Amino acid sequence: NCEAETVAALERAGLSAEVFRWTRPAMELARYEAYVLPGGFSYQDRVRAGALAAKDPLLAMLAKRAAEGAPVLGICNGAQVLVEAGLVPGAGKVEVALARNRMPDRVGYHTRWVWCRIEASNCVFTTGLEPGTLLPLPVAHGEGRFTSLKKGRVATLVAQGRTPFRYARPDGQDAIAFPDNPNGADEAVAGLCNEQGNVLALMPHPERAVVLGQVSRGIGGDWGAARDQALASRDGHANDDGPGMALFRSLARHLGVA
């Protein structure tokens, strides 16, 4: 149910976007250069979030295009679909899960703004962003905890540079407790990419932070100060790029549209 905001973000980056419904033939997916699976509730999140959508014939074509190098971004429910389909971490195997939120003082569905720290990686959606950059982004999910049955697997992915987004405290340090880590994700992982860097499963919603005026009043930091100044001046700067646009601008540059 987030396709309209996602289309708006892509078009703001100079890309031409089309909403592709699940009822269309899978072969028609082949003609696109890049793909975004938006947030929402595919198949009403029955069984578990993303599980049924991951079995849809469209995912076989999406996996084929990803293997050919096409960029694929899954946001929130889209991230859950990519993980359930084995596109992330990759090789068609389901190695991690986006489990139910679980940590002290925190259970169930949760909506709030969080800080995400950019990590060194080859992810096409973070090109141009220096490692250590902090982006405030909103989360809204009940099953968003990156974890694995294999002990140490998520830590290995972090060491391999496969986690371009990790939850952080406002000062940039690791988010080890709620509310900085909103769901109890292993190693505070907020986004996980495949080895080639062209497929990203991201739990926060960048499409809900494309303009400066959307940034939360209480987020603080440089982004919060810029938002307050823009709204106070009433000179149109509230419509300047917000933190979420960095991903869509990176995609546009990767596709040669910038």
Side-chain angles (χ1 to χ4, degrees), residues 2-20 32-39 62 65-66 69-76 78-79 82 88 113-140 161-168 172 190-194 196-216 219 221-227 229-231 235-258:
C2 298
E3 62 269 23
E5 300 98 312
T6 305
V7 167
L10 292 164
E11 291 180 342
R12 184 181 175 96
L15 298 166
S16 176
E18 177 184 349
V19 175
F20 191 100
Y32 297 92
E33 291 184 82
Y35 306 86
V36 182
L37 278 69
L62 201 62
R65 292 290 293 122
V72 181
L73 171 62
I75 301 171
C76 200
L82 293 179
V88 173
W113 281 70
V114 297
W115 286 97
C116 292
R117 187 180 64 223
I118 302 300
E119 305 280 298
S121 75
N122 64 346
C123 181
V124 303
F125 296 97
T126 57
T127 55
L129 290 172
E130 291 292 329
T133 298
L134 292 177
L135 296 178
L137 297 172
V139 294
R162 303 276 293 278
T163 57
F165 289 83
R166 295 174 71 193
Y167 299 115
L192 179 64
C193 68
N194 64 342
Q196 292 75 25
N198 64 308
V199 182
L200 172 64
L202 180 69
M203 285 311 300
H205 284 268
E207 82 287 0
R208 299 183 185 181
V210 299
V211 299
L212 191 55
Q214 290 177 309
V215 173
S216 170
I219 195 65
D222 292 342
W223 280 103
R227 172 205 182 277
Q229 183 178 359
L231 290 179
D235 56 5
H237 285 296
N239 198 46
D240 288 352
D241 277 1
M245 271 306 296
L247 283 80
F248 302 103
R249 298 282 186 201
S250 292
L251 174 61
R253 286 193 297 271
H254 180 77
L255 297 175
V257 180

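The analysis underlying the following values was restricted to heavy atoms, covering all of them including side chains, and did not include hydrogens, waters or symmetry mates. If you're wondering where the values come from, they're calculated on a predicted model, not measured in any experiment.
- Under a cut-off of 6.0 angstrom, the local environment of CD in Gln196 is crowded, with over 12 non-hydrogen atoms contributed by other residues, nucleotides or ligands.
- In this structure, Leu200 and Leu247 have side chains that are in contact, with non-hydrogen atoms separated by less than 4.5 Å.
- By the side chain to side chain donor-acceptor pair (under 3.5 Å) test, Ser121 is found to be paired with no residue, residues two or more places apart in sequence or in another chain being considered.
- The backbone N or O of Gly172 sits less than 3.5 Å from a side-chain atom of Arg117, completing a donor-acceptor pair.
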Checklist entry - Does the pair Leu37 and Val72 meet the rule for a side-chain contact (heavy atoms from CB on, under 4.5 Å), with working shown? => result CA-CA 8 Å; Leu37 278 69; Val72 181; 4.3 Å; yes

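- A 4.5 Å side-chain heavy-atom check between Pro204 and Phe165 finds every atom pair outside the cut-off.
- Interatomic distance, CD of Glu119 versus OG1 of Thr133, reported as 10.5 Å (0.5 Å rounding).
- The CG atom of Leu202 sits 9.0 Å away from the SG atom of Cys76 when rounded to the nearest 0.5 Å.
- In this structure, the side chains of Arg65 and Tyr32 stay at 4.5 Å or more apart for every pair of heavy atoms.
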Next on the checklist: side-chain contact (heavy atoms from CB on, under 4.5 Å), that's the test. Do Trp115 and Leu137 meet it? Break it down for me.
Outcome noted: CA-CA 6 Å; Trp115 286 97; Leu137 297 172; over 6 Å; no

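- Distance check: Leu129 CG to Leu134 CG gives 11.0 Å after rounding to the nearest 0.5 Å.
- The side chain to side chain donor-acceptor pair (under 3.5 Å) check on Asp240 picks up His237, with sequence neighbours excluded.
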Next on the checklist: Show, in sequence, the C-alpha distance, side-chain angles and deciding distance for Phe20 and Tyr35, and conclude whether the side-chain contact (heavy atoms from CB on, under 4.5 Å) test is met.
Outcome noted: CA-CA 10 Å; Phe20 191 100; Tyr35 306 86; over 6 Å; no

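- Sparse packing is recorded around CD of Gln229, with 12 or fewer heavy atoms of other residues, nucleotides or ligands lying under 6.0 Å away.
- Contact of the Met245 side chain with the Leu135 side chain is not registered, since no non-hydrogen atoms from C-beta on lie closer than 4.5 Å.
- The closest side-chain heavy-atom distance from Cys2 to Arg208 is below 4.5 Å.
- Within a 6.0 Å sphere centred on CD of Glu130, heavy atoms belonging to other residues, nucleotides or ligands number 12 at most.
- For the pair Asn198/Asn122, no side-chain contact is recorded, criterion being any heavy-atom separation below 4.5 Å from C-beta on.
- Listed by first and then second residue, the side chain to side chain donor-acceptor pair (under 3.5 Å) pairs that reach into residues 249-258 are Asp241-Arg249, Ser250-Arg253, sequence neighbours excluded.
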Item to check | Pair His205-Ile75, side-chain contact (heavy atoms from CB on, under 4.5 Å): steps then yes or no | outcome: CA-CA 6 Å; His205 284 268; Ile75 301 171; 3.8 Å; yes

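- Contact check for Leu212 versus Asn239: no side-chain heavy atoms found under the 4.5 Å cut-off.
- Side-chain contact between Leu73 and Phe248 is present, with at least one heavy-atom pair separated by less than 4.5 Å.
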